[in-house]
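Residue numbering restarts at 1 for every chain, and letters A, B, ... go by the order of the sequence lines.
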Amino acid sequence: MSAMTSGQTVETVGAVMGTGTTDNAGPQRAPWREVWRIGRVRMRVEVLQLTRNTGLLIYTFALPVVMLLLFGSIFRGKIAGTSATYQQVYATGMIGMCVINGALQNLAYQVATERHTRALKRLRSTPMPAVSYFLGKVASVLAATLAQVAVMLTVGVAVMGLHLPTSLGKWLTFTWVLLLGCTACSLLGIGLSGLIRSENGSAVVWLPIMVLQFISGVFIVFSTLPKPVQQIGAVFPVKWLCQGMRSVFLPDSFKYSEPAGSWEHGRLALVLTAWCVVGLVMCLKTFTWRGRDDG
Amino acid sequence: MTTALRVRGLRKNYGDAAALAGVDLDVAAGEIFALLGPNGAGKSTAVEILEGLRARDGGEVSVLGVDPAAADYRWRARIGVVLQEARDFTMLRVGEAVRQFGAYYPAHRDPDEVIAAVGLTEQTRTLTSRLSGGQRRRLDVALGIVGGPELLFLDEPTTGFDPAARRQFWEMIRSLRTAGTTILLTTHYLDEAEALADRVGVLAKGRLVEVASPERLGGRDHAQAIVSWDEDDRRCQERTAEPTRFIAELSTLFRGEIPGLSVVRPSLEDIYLGLIGSPETGSPEAGPQETGKPEGSAR
């Protein structure tokens, strides 16, 4: 791309403004080639910003590892009536937590901050297409989540007795559950960012997430939760995400101790897809480039 | 003369309060136009409507021949926007930020050249969070001009600058004008408007109460001058509409040099404070209509 000289700028002023009318009627969307080109610029910037945010990185990576080691050392041994250990169950729960942290929580906080610091408003004043902005967010979420899951799997296998599956089918399940979970959590994260109205208001999002993790079987074996709590948990996506992870990494016989006596992959896909739709509607209804304190 | 910006009867309400109550404005291509006004006068509201960042409630707006409310990415590629104080993307270095924004524009300027133009070459590898207030503001301008805009919006660009930094900044803005960029500037500083603008518009209570060149604003050029001089160890003063004739007489009286001579016109600030004090005291009907004519177009 060549640098534009000032002489060219002047010519354009005269050419376009002289008539006061333009040949093209109405606003047009940027062509997809342009959306993708600028999207790649945004992806690089987002991932770069992620790697520079040392505080967030430490929190994001250390929290699940510390939790896993903590729970793994407190609760040991086999879960009654199954061949799985508590440590293995926690390891799968923490993978679910990584998705929630990496996608939902980080994104809600990031987008809210960018709105608050008027980064979004500045971007809005440029020709950058909105889709390119979201492509960048997708890349940062995927990078953060995949890196966290990799760390979790390494720790799980090394000290928690987690076994990586050997069948292709289980890895396929792992992939679609992870992608669907990431998508649902990302959309919900962007949707929920509107609730964070001030710079220090992120408690609005992380407090409910914390509660959700307790009633969804992240910190406590799901089947040991009281029935009414299980039913509330089953409404939300976190429970299904963790159940999907258990179906990949735990012995197949563990499914008999799940509430339904099976892994329920069909229902799992349905619930996560439904939450994707809810998240998308929230984004479309509530996403603004401007903060609430800004007029 | 071509028109960069044309506004007729622009209105915007927040609840029952009218932030803009019928604003007419013309800005010529290549002109630096300064919008003055107290806080809450509607400056930022007006500018954000022109930038396509805010919806209006009434009136006609055409910016570079396009209605900003129906503008698309092609139109945004032709304008540059410098918002009020910003502190975003603190994790990026200066060079990365400018390159990133350049990449959004189809025909952008060379990022290194832009960084040099705003005097940040030495800070190219500095994180934006480590910049001083003035440097940060110059980065904001770099991001506004990297796309090679035909029209640049500057919203209170020098707030918090020290005097030397402001002078440097003004030089940079003048060089943009020389290169053909039209500039719409809002500012609190009257000396800034006087130093930079071809014309100024005074916005008060949602109306443009006056549009003129800084020298002529509010009839400043016709206002009585105050001539003062020293005579017999005391300071004398005379208000006159004809200072030249008066000084000539005075000079004859002193047979040459007049001791301690000074001639003062009312400052832009005096005129401005008069204009915004109570717009109703002037001629409330004449105000907005008069501004419909681009007075400085004869420039």
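Between the CG atom of A:L107 and the OG atom of A:S193 there is a distance of 7.5 Å, given to the nearest 0.5 Å. The distance from the CD atom of A:Q213 to the CE atom of A:M97 is 5.5 Å, given to the nearest 0.5 Å.
In this structure, chain A has no heavy atom under 4.5 Å from any part of B:D67. Looking at B:A71, the atoms closer than 4.5 Å to chain A (heavy atoms on both sides) all sit in the backbone: N, CA, C or O. Only the side chain of B:L127 comes within contact range of chain A, with at least one heavy atom under 4.5 Å from a heavy atom of that chain. When heavy atoms are compared at a cutoff of 4.5 Å, A:R42 approaches chain B solely by way of its side chain, counted from C-beta outward. In this structure, the portions of B:L92 lying under 4.5 Å from any heavy atom of chain A include both its backbone and its side chain. B:L176 does not touch chain A: none of its heavy atoms, backbone or side chain, sits under 4.5 Å away. Of the two parts of B:E51, neither the backbone nor the side chain holds a non-hydrogen atom closer than 4.5 Å to a non-hydrogen atom of chain A.
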inquiry  = Between A:K137 and A:E114, is the side chain to side chain contact (heavy atoms under 4.5 Å, CB included) condition met? List the steps.
reply    = CA-CA 12 Å; A:K137 288 293 173 211; A:E114 289 183 347; 3.2 Å; yes
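Between B:E156 and B:R137 there is no salt bridge, since no side-chain N of the basic residue sits under 4.0 Å from a carboxylate O of the acidic one. Between B:D72 and B:R76, no side-chain nitrogen of the basic residue sits less than 4.0 Å from a carboxylate oxygen of the acidic one, so the salt-bridge criterion is not met.
Per-residue counts of heavy-atom pairs under 4.5 Å with chain A were compared for B:Q84, B:R6, B:E96; the largest is that of B:E96. For chain B, the option among A:L123, A:T126, A:I38 with the highest count of heavy-atom pairs below 4.5 Å is A:T126.
Partners of A:L280 by side chain to side chain contact (heavy atoms under 4.5 Å, CB included), not counting sequence neighbours, listed by chain and number: A:L187, A:L284.
Residues in residues 70-101 of chain B take part in these ring pair (Phe, Tyr, Trp, His ring centres under 6.0 Å) pairs, two or more places apart or across chains: B:F89-B:F101, B:F101-B:Y104.
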